[in-house]
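Have a look at the structure below, then the notes.
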Amino acid sequence: MWEELGISAGTAIIVLITFYFIIKWAVRNGIKEAVRQMHEEDFKKDIKEG
């Protein structure tokens, strides 16, 4: 299959591993940002209730 695209098996493995780590990094940062926003909203709510 990879030969049809003109890509060797070694190159395909490197590309797939790279995509794995990029997606993993993006998901982790997205989760961190969402949690940070939830904590900020809770903090603002607590201040208003004061």
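Starting from 1, each residue takes its place in the sequence as its number.
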Pairs under 3.5 angstrom only: tabulate donor-acceptor contacts from the side chains of residues 14-27 to other protein residues two or more places apart or in another chain.
unit_1: Thr18; atom_1: OG1; unit_2: Ile14; atom_2: O; d: 2.7

| note | By salt bridge (charged side-chain N to carboxylate O under 4.0 Å, His left out), Arg28 pairs with (sequence neighbours left out) none

| request: List in chain and number order the residues that pass salt bridge (charged side-chain N to carboxylate O under 4.0 Å, His left out) with Glu33, two or more places apart in sequence or in another chain; answer none if no residue qualifies. | output: Arg36

